[in-house]
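Everything below concerns the one structure shown next.
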2 protein chains.
Amino acid sequence: MSDSPKRPKNQLKSHIRAQNQELILCTAERVFARQGLAKTTTQMIADEAGLPKANIHYYYRSKKDLLEAVLERILQLWLDSVSQFNVELGPCHNLTRYISEKLEQSRLNPNASKVFAMALIGEEPFVLDYLRRYFVEELQKEKSTINTWVEQGLMKPVSVEHLFINIWAMTQTYADFDAQVKILLQKETLEEEDFMQAKQFVTRMVLLSCGIEEART
Amino acid sequence: MSDSPKRPKNQLKSHIRAQNQELILCTAERVFARQGLAKTTTQMIADEAGLPKANIHYYYRSKKDLLEAVLERILQLWLDSVSQFNVELGPCHNLTRYISEKLEQSRLNPNASKVFAMALIGEEPFVLDYLRRYFVEELQKEKSTINTWVEQGLMKPVSVEHLFINIWAMTQTYADFDAQVKILLQKETLEEEDFMQAKQFVTRMVLLSCGIEEART
DNA sequence: GTGTATTCTGACCAAATATTCAAGTTTTGT
DNA sequence: ACAAAACTTGAATATTTGGTCAGAATACAC
């Protein structure tokens, strides 16, 4: 979808193509995050990327195509970056790591996080389809893992759905609603330290609610 | 700001005026929530309200004015609807009630909740100013109340800022990202029952993290 | 070096949309 | 009943913006 004209006869995209697409996607992600999905114009992206507008349209037929390419990238990142649960290591270790990784990802890719949230709140079909396709089955795996732990008496039984809904809500709020967080914390910018505190706070809540002794990491 | 022409000589707005503004604000809130802030056109609002577009502009000079009127209404609701902490009654009762009220509000006014989230993620200056003006001092009160409880040994010391950030994150996620929640819960619509479960789940998490014995309400 | 495929880009177009206006209609105060 | 104020609304306007196109420039294969 994102390759407008015929690609170079075989395998690899041309060097130029790959490079420009990368530039455009990165810039678009940034501008989308800053301006909002609908308020962003192709012109803004073009200007910020230092390219003429027509050049953007050479690589991405339409604004919709471009947005979807940006979203695909983000969702891929989301899916890849957070490692799976490892049954062996038990709930405490896994949940702690999971929360840590999610928060770290929000901190390091605030733009991606925000664009994703915007698309989700706007119910972009592309994102909803993606969630339906990949995350539901993902959740099933975590669910069975957690059930195993429950059977082993390593944690209390909890609603896995609600657990994940709330872990996601908490870990993403620091990136998505950073404006609100900054106001409440009375800070100009969120430092690594703030994320560390968030990490501790959220981890504590989650572990306690699962009846797990807190680890001192 | 939101009253374009001279108002009737004194006190009360004319009946017609009040009625039309009410209709327009309600409709606008709904359409904004459905379409997104930027994608919504005055024409859509006009059509859905059954009024000609020019009539909308008679009451609200610009789209921006209209959005701000809608937001003001929502923020007012937000501020009013959730009752203050009552020191006498202790942390368990108050936190339980607070979470319950916030979730109930999300459930009953999903549009308002969503428009607010959209404006917040888009960093609408109007909303940020409002937060700075009212919520920061609001938080101060809660903070000192909680400190009192901590001193009385009724709960463990916690970061009040992070506590509220995360309570808000959790209670609003069910309305704001309902599309995601629906997918994960595999439901067409969120029922009262789902909100009840959310209420229990969130309350449990919060109380445990504050070292408070769970109430059986 | 030559020709073909790819990339670049300024100019242009059509559709969408916020906003204005002026001429009508209704309501209201007295 | 009458005039002033408030309200209504179809039509016009100005601007923004996504998208196109044709020809120029560049890279690439041989």
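Residue numbers start from 1 in every chain, and the chains themselves are labelled A, B, ... in the order their sequence lines are given, proteins ahead of strands. Below, all heavy atoms of this structure are taken into account, side chains as well, without hydrogens, waters or symmetry copies.
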What's touching nucleotides 16-20 of chain D from the protein side, N or O pairs under 3.5 Å?
residue : atom : partner : partner atom : Å
D:dG18  : OP2  : A:Thr42 : N            : 3.1
D:dG18  : OP2  : A:Thr42 : OG1          : 3.1
D:dG18  : N7   : A:Lys53 : NZ           : 3.2
D:dG19  : OP2  : A:Lys63 : N            : 2.5
D:dG19  : O6   : A:Lys53 : NZ           : 2.7

So, OP1 or OP2 of D:dT8: does either fall under 4.0 Å of a side-chain N or O from B:Asn20?
yes
d(CD, A:Gln19; C1', C:dC8) in whole Å:
14 Å
Length of the line joining A:Arg17:CZ and C:dT7:P, which is rounded to integer Å:
5 Å
Taking CD from B:Gln21 and C1' from D:dA6, how many angstroms apart are they, rounded to a whole number?
13 Å
Could you tell me whether the phosphate oxygens of D:dC7, OP1 or OP2, come under 4.0 Å of any side-chain nitrogen or oxygen in B:Tyr58?
yes
Nucleotide C:dT26, atom P - distance to CD1 of B:Ile16 in whole Å
11 Å
Hits for salt bridge (charged side-chain N to carboxylate O under 4.0 Å, His left out) against A:Lys63, two or more places apart or cross-chain, chain-then-number order -> none
C:dT7 phosphate, OP1 or OP2: any side-chain N/O from A:Ser14 under 4.0 angstrom?
yes
Results of side-chain hydrogen bond (donor to acceptor under 3.5 Å, both in side chains) for A:Asp47 - residues two or more places apart only
A:Gln43
Distance in angstrom units between A:His15 NE2 and D:dA29 P, rounded:
13 Å
Respond yes when some side-chain nitrogen or oxygen of A:Tyr59 is under 4.0 Å from OP1 or OP2 of C:dC8, and no when none is.
yes
List the atom pairs, donor and acceptor, that lie under 3.5 Å between side-chain atoms in residues 110-122 of chain B and the rest of the protein, sequence neighbours left out.
residue  : atom : partner  : partner atom : Å
B:Ser113 : OG   : B:Asp176 : OD1          : 2.9
B:Lys114 : NZ   : A:Glu123 : OE2          : 2.7
B:Lys114 : NZ   : B:Asp178 : OD1          : 3.3

Grab the two heavy atoms, one from B:Leu128 and one from A:Ile183, that are nearest each other, plus how far apart they are.
O-CD1, 3.7 Å
Restricting to salt bridge (charged side-chain N to carboxylate O under 4.0 Å, His left out), what partner residues turn up for B:Lys102, sequence neighbours left out?
none
For A:Asn55 and C:dT6, give me the distance from atom CG to atom C1', rounded to whole Å.
12 Å
Could you state the atom-to-atom distance from OH of B:Tyr60 to P of D:dC7 in whole Å?
12 Å
Judged by modelled atom types alone, do A:His162 and B:Tyr174 share a side-chain donor-acceptor pair under 3.5 Å?
yes
Any residue meeting side chain to side chain contact (heavy atoms under 4.5 Å, CB included) with A:Glu142, in chain and number order, not counting sequence neighbours:
A:Phe85, A:Glu138, A:Phe164
